[in-house]
Amino acid sequence: MSRAGAVLLEVEDLHVAYGKAHVVHGVSLAVHEGEFVVVLGRNGAGKSTILHALSGLIPKQRGRVRFAGVDITRASPGDIVRAGLVQVLEGHRVFTTLSVEDNLRVGTYAGREGASRETLERIYADFPELAERRHQQASRLSGGQQQILAVAQGLIAGPRLLILDEPSGGLAPIVVDRILDVAARLARAGTAILLVEQLVEKALRHAGHGYLLDAGAIAGEGSADALQDSALLRRIYLGGTEAA
């Protein structure tokens, strides 16, 4: 089945190295407008490295990245965020000494909408637990609440594409489901999602399309439904065999 919508993010032949260690080998992938895409692979496969390269946080050795038709291969992280590509880093990284609301206001500084009360109230409507704690110091939030705050901080910048790096890390299953439900709803409303996740079943249940990464290279791709029962997924991710 063909993927709907225009291509928003296009990655061609991406190579990334840390010193002499060649971590990402010729990765090509795409995310379409309003699409929910997941990248799956075992620990050390290079998933987070790809995301950091797309966000401009680490240099690219070779390849090309286009976003909304514009080449952002060498763009700075700030310019990439202002273009509408926002990454929520792994490990619910928030400013723990600031209040919930101040964390959200920080998220608007590089955004496309600006820090407005309307924007904040829209976030609070989506995340009522943050509204209840808007004046509370972020350090007093639970791990799950901090992850929700990190996601909200990414959303308040008004991204066209939101990148989520392992949002499930250390969280209760019910919190993970909540975050993935929100991501799926955002995709249906038009915000594209690119997710890296270790929880295979949960990720594929919410995504529309997926890529399988093995040793820094794309080993396969397809619809989430097709990947869920694929022998390739069992071999690459779960350590099974390709035999049915």
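Count residues from 1 along the sequence.
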Practice problem: Please confirm whether the backbone N or O of E129 pairs with a side-chain atom of R133, one donor and one acceptor, at under 3.5 Å? | Solution: yes
Practice problem: Determine yes or no for a side-chain-to-main-chain donor-acceptor pair under 3.5 angstrom, with K47 supplying the side chain and R42 the backbone. | Solution: yes
Quiz prompt | Note: R64-D13 ion pair, threshold 4.0 Å (strictly below) | solution = no
Self-check item: From CD1 (I179) to OG (S168), nearest 0.5 Å
Solution: 8.5 Å
Exercise. I would like to know whether R160 and E33 meet side-chain contact (heavy atoms from CB on, under 4.5 Å); could you show each step before the answer?
Key: CA-CA 8 Å; R160 296 181 66 180; E33 295 273 6; 2.5 Å; yes
Quiz item: Strictly by modelled atom types, are H25 and H15 linked by a side-chain donor-acceptor pair under 3.5 Å?
Solution: no
Quiz item: Taking NZ, NE, NH1 and NH2 as the nitrogens, is one of them in E101 or R105 under 4.0 Å from a carboxylate oxygen of the other?
Solution: yes
Quiz prompt | Pair L161-V86, side-chain contact (heavy atoms from CB on, under 4.5 Å): steps then yes or no | solution = CA-CA 6 Å; L161 171 62; V86 174; over 6 Å; no
Self-check item: SB check R185 D126 (cutoff 4.0 Å)
Solution: yes
Quiz item: So, does Q146 use its side chain to make a donor-acceptor pair with the main chain of A138 at under 3.5 Å?
Solution: yes
Practice problem: Please check if the side chain of Y211 supplies one atom and the backbone of A219 the other of a donor-acceptor pair under 3.5 Å. | Solution: no
Quiz item: With a 4.0 Å cut-off, would you call E12 and R66 a salt bridge?
Solution: no
Self-check item: Side chains of L233 and L40 in contact at under 4.5 Å (non-hydrogen atoms)
Solution: yes
Exercise. Applying side-chain contact (heavy atoms from CB on, under 4.5 Å) between L85 and each of D79, L9, L194, report the one that passes.
Key: L9
Quiz item: Do E197 and V39 have side chains that get closer than 4.5 Å, going by heavy atoms?
Solution: no
Quiz item: V176 versus K202: any side-chain heavy-atom pair under 4.5 Å?
Solution: yes
Self-check item: Taking every non-hydrogen atom, the tightest pair across Q87 and S55
Solution: OE1-OG, 2.6 Å
Practice problem: Start with the C-alpha gap between L51 and L57, add the side-chain angles, then the distance that decides, and say whether side-chain contact (heavy atoms from CB on, under 4.5 Å) holds. | Solution: CA-CA 9 Å; L51 300 191; L57 300 177; over 6 Å; no
Quiz item: Checking R134 side chain against A131 main chain: does a donor-acceptor pair fall under 3.5 Å?
Solution: yes
Quiz item: Hey, what do you get for CG (L195) to CG (L162), rounding to the nearest 0.5 Å?
Solution: 9.5 Å
Self-check item: Distance in Å, L227 CG paired with E221 CD, rounded so as to fall on 0.5 Å steps
Solution: 8.5 Å
Self-check item: Gap between atom CG of D102 and atom CD of Q153 - 0.5 Å precision
Solution: 11.0 Å
Quiz item: Do other residues, nucleotides or ligands put more than 12 heavy atoms under 6.0 Å from the CZ atom of R74?
Solution: yes
Practice problem: Carefully, step by step, assess V151 and L164 under the rule side-chain contact (heavy atoms from CB on, under 4.5 Å). | Solution: CA-CA 8 Å; V151 172; L164 299 174; 4.1 Å; yes
Exercise. Would you kindly say whether T73 and D71 are connected by a side-chain donor-acceptor distance under 3.5 Å?
Key: yes
Quiz item: About how many Å separate CG of L155 and OG1 of T191, when rounded to the nearest 0.5 Å?
Solution: 7.0 Å
Quiz prompt | Non-neighbouring partners of K60 that pass salt bridge (charged side-chain N to carboxylate O under 4.0 Å, His left out), sequence neighbours left out | solution = none
